[in-house]
Amino acid sequence: NENRIQLYYGMVKIYALLVFVCSLLIDCNSFEDKSDLDCTPCIDWNACVLKDQIEYRIQILSRISESNQVLSRSYLSESDHQASLLVQEWMNTAGMSVSIDFVGNIIGLWSSSTLKTHESKSECCALSKESSCETDQDKKTLVLGSHIDTVWNAGKYDGTLGVLVSIAVVSMIQKNSISIPFDIAVIAFADEEGNNQFGTTNTGAKAFCGLLNPISDFLNTYPELYKVLASQLKLENRSFTQADVIQAIQECTSDAFVSSKSSMLGFIEVHIEQGPQLELMNRPIAAVKSIYGQSRLRVSVVGVGGHAGTVPMKARRDALAAAAECILKIEQIGLEYWENGVATVGKIEIVGGSSSNVIAGHVEFSVDVRHSEDSDRLEMVSQLYKETQAIGNHRNVSVSITMLHEAPAAQMTPWLVDIVQKSVREHRENGDVDSMMLLNSGAGHDAMILSQVMPTAMLFVRCRGGISHHPDEYVSLNDIYTVSSTLLSVIQSKDLANAAIKEV
């Protein structure tokens, strides 16, 4: 596997050279599914970078996995590290200064002052209606990115597409000497998926935003992660007490590479939709209005076990039958809020084991409730409590509910969403008059964390069949080009330039 990674690494360097001279050739024979790639010489350099190059890199990263059978890159695993090395190389090739922080965030920082053809401050201000520009010292920073860790048995595009699109767009800006009045940071956030041995999720985004406080409580809650992080300090021949680990995590905040959070222009995350709406409406992209709030619960139903052949039906206190009725009622609650809400039972367990000739005495199941509006989500949870208790009373079983996790809905920032929407409209297909449609995101994203500390927007791109977290996950080359071009338009827009040089 190590030799294979080194081979890919060498291929990337050769590939970058070919792109630089505008004669990219993709070796289609290296991939089983040749339909993923345009196997012709690249004549349009812009299309190379914003379409073919991104797909090629997605294919390379999809081969880096901790399993030979499925794609899986868990947080802080060896495969995570190997993928990180490639992403760092690609950021560097695009003209960014690159670092990786203590928790594993990969940060590529591009400074607009590095452009060789950047003539003067007045050129920078030409994009804006304002008569003056900020100096290099007080320029704002636009953050782009997503994540490269995956779930088990993952698809290729979730998270990874957003990182690679962001790198490609910066490469376009650098190579074409596009003047903008702000810097750009591209970040591959660590631990978005929660696929790890520690029980954590969104560790990278939370550390970046300074939202792990108090850090000591975080480390005490996840002792296995603390051990791994402390071992990193030990390998670096540094002191590795808890105080040292806390200090190292504190250095991961955005203040570590810009002067203050006030200098953050905002965060834009490109991501696959992970649902079917765009495909059903025949639209390639859409801006996002909000990310659903979420409640995760565990429901325990306790009845009385017994012999399947001897206990009369009317005398039974069957925990499994009661749980089944509860699950159907939860589905009904979700259907009542179908426009912007969902309710899901994803896991069920007969506690103590099961047998075909035994009445279940104790059943537990999970519930996941999401809605774009927190008030409606809380009402759904309230109904869930009320209805399951009524079922328990009717069936003479005990029903108890434990709240495991709650996250409020994340509203995207209206002024930044408006800028994204305008660029979406510019790239609409076939004169689509409804291209200003906004979507809600039922899935959680790094943007949900970033929205707590800075202006945030998301740009969704359709995926075939709405399939995600599965090997069949797929985004077409044309849609990759559309979303990349749209992000580039957002960055070049006068509205964003105006926002960069004044308070919004």
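FYI, side chains are in, hydrogens and waters are out, and symmetry mates aren't considered; it's all heavy atoms of this structure.
In this model, a donor atom of one side chain and an acceptor atom of the other lie less than 3.5 Å apart for R63 and Q59. Residues S84 and Q88 bring a donor and an acceptor atom of their side chains to less than 3.5 Å of each other. Side-chain contact, D244 with T241: a donor N or O sits under 3.5 Å from an acceptor N or O. N196 and D191 share a side-chain donor-acceptor pair at under 3.5 Å. Of the N and O atoms on the side chains of Q197 and Y222, not one donor lies less than 3.5 Å from an acceptor on the other residue. Residues Q294 and D368 have side chains that bring a donor and an acceptor to within less than 3.5 angstrom of each other. A side-chain donor from one of Q383 and Y337 sits under 3.5 Å from a side-chain acceptor of the other. The closest side-chain donor-acceptor pair between H469 and D158 falls under 3.5 angstrom. Between the side chains of S65 and S67, not a single donor N or O lies within less than 3.5 Å of an accepting N or O.
The backbone N or O of W415 sits nowhere less than 3.5 Å from a side-chain atom of T413 that would complete a donor-acceptor pair. Put simply, the side chain of D149 never gets that close to the backbone of Y75: no donor and acceptor are under 3.5 Å apart. Panel note: side chain N153, backbone V70; no donor-acceptor pair is recorded below 3.5 Å. Remark: the backbone N or O of G346 is not paired with any side-chain donor or acceptor of T344 at under 3.5 angstrom. Of the possible polar contacts, none joining the S354 side chain to the I350 backbone as a donor-acceptor pair under 3.5 Å is found. Between the side chain of N202 and the backbone N or O of K206 there is no donor-acceptor pair closer than 3.5 Å. At least one donor-acceptor pair under 3.5 Å links the side chain of N220 to the backbone N or O of S216. In terms of modelled atom types and a separation under 3.5 Å, the side chain of E78 and the main chain of E66 share no donor-acceptor contact. A side-chain donor-acceptor contact under 3.5 Å links N105 to the backbone of G204. Although no hydrogens or angles enter the test, the distance criterion places a donor-acceptor pair under 3.5 Å between the side chain of S493 and the main chain of L496.
The closest side-chain heavy-atom distance from R316 to I359 is below 4.5 Å. Within the 4.5 Å cutoff, no side-chain heavy atoms of L225 are placed close to those of L219. Contact annotation: the side chain of I491 approaches that of L144 to within less than 4.5 Å [non-hydrogen atoms, C-beta and beyond]. Y292 places a side-chain heavy atom less than 4.5 Å from the side chain of N440. Here the side chains of V143 and M264 are in contact, with some heavy-atom distance below 4.5 Å. Using a 4.5 Å heavy-atom threshold, the side chains of L384 and I333 count as touching. Side-chain atoms of Y226 and Q242, non-hydrogen and from C-beta on, do get closer than 4.5 Å to each other. Using a 4.5 Å heavy-atom threshold, the side chains of I272 and E473 count as touching.
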(request) Applying side chain to side chain donor-acceptor pair (under 3.5 Å), run through N195 and S72 and close with a yes or a no. (result) CA-CA 9 Å; N195 177 18; S72 177; 3.3 Å; yes
(message) Using salt bridge (Lys or Arg N to Asp or Glu O under 4.0 Å), reason through R395 and E325 one step at a time and then give a plain yes or no.
(response) CA-CA 10 Å; R395 287 183 167 272; E325 187 174 348; 2.7 Å; yes
(request) Applying side-chain contact (heavy atoms from CB on, under 4.5 Å), run through T388 and K329 and close with a yes or a no. (result) CA-CA 8 Å; T388 54; K329 180 59 67 173; 5.9 Å; no
(request) Any chance you could lay out the side-chain contact (heavy atoms from CB on, under 4.5 Å) test for Q277 and L439, step after step, and finish with the verdict? (result) CA-CA 9 Å; Q277 294 187 69; L439 293 181; 3.8 Å; yes
(request) Applying side-chain contact (heavy atoms from CB on, under 4.5 Å), run through L76 and F198 and close with a yes or a no. (result) CA-CA 10 Å; L76 295 181; F198 317 117; 4.0 Å; yes
(request) Dump the intermediate steps for side-chain contact (heavy atoms from CB on, under 4.5 Å) on W90 and L164, then the final yes or no. (result) CA-CA 9 Å; W90 294 331; L164 297 181; 3.7 Å; yes
(request) Start with the C-alpha gap between S355 and N357, add the side-chain angles, then the distance that decides, and say whether side chain to side chain donor-acceptor pair (under 3.5 Å) holds. (result) CA-CA 5 Å; S355 178; N357 62 348; 2.8 Å; yes
(request) Could you walk me through whether H147 and D446 pass the side chain to side chain donor-acceptor pair (under 3.5 Å) test, one step at a time? (result) CA-CA 8 Å; H147 61 94; D446 290 305; 5.1 Å; no
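Enclosure of atom NE2 in H405 by more than 12 non-hydrogen atoms of other residues, nucleotides or ligands within 6.0 angstrom is indicated. The number of heavy atoms from other shown groups lying within 6.0 Å of CZ (F240) does not exceed 12.
Nearest heavy-atom pair across L50 and L488 is CD1-CD2, 4.4 Å. Closest approach of K156 to S62, counting heavy atoms only: CG-CB, 3.6 Å. Between M380 and A343 the shortest heavy-atom distance is CE-CB, 4.3 Å. The minimum heavy-atom distance between S451 and T456, with the atom names listed, is CA-OG1, 3.2 Å. Across all non-hydrogen atoms, the minimal contact from E273 to C463 is N-SG, 4.4 Å. Nearest approach of A188 to M91, heavy atoms of both residues: N-CE, 4.4 Å.
Ring pair H445/F460 is perpendicular by interplanar angle, where above 60° counts as perpendicular and below 30° as parallel.
Taking a cutoff of 4.0 Å between a charged side-chain nitrogen and a carboxylate oxygen, R296 and E406 do not qualify as a salt bridge. A salt bridge links D495 with K422: the distance from a Lys NZ or Arg NE/NH1/NH2 to an Asp or Glu carboxylate oxygen falls below 4.0 Å. One finds no salt bridge joining R73 and D80 here, because no Lys/Arg side-chain nitrogen approaches an Asp/Glu carboxylate oxygen to under 4.0 Å.
Atom CG of L335 is separated from atom CD1 of I330 by 12.5 Å, given to the nearest 0.5 angstrom. Taking CZ of R425 as the start and OG of S489 as the end, the distance is 13.0 Å to the nearest 0.5 Å. Rounded to the nearest 0.5 Å, atoms CD (E373) and CG (L378) are 11.0 Å apart. In this structure, M458 CE and F267 CZ are separated by 7.5 Å, a value rounded to the nearest 0.5 Å. To the nearest 0.5 Å, the span separating SG on C326 from CD on E387 amounts to 9.5 Å. Atom CG in D479 sits 9.0 Å away from atom CG in L278 (nearest 0.5 Å).
With sequence neighbours excluded, the residues satisfying side-chain contact (heavy atoms from CB on, under 4.5 Å) with T486 are I285, S423, V424, H427, L459, T482. Contacts of K386 classified as salt bridge (charged side-chain N to carboxylate O under 4.0 Å, His left out), with partners at least two apart in sequence or in another chain: none.
Of the options L142, T141, I184, a side-chain contact (heavy atoms from CB on, under 4.5 Å) to L265 is made by L142 and by none of the others.
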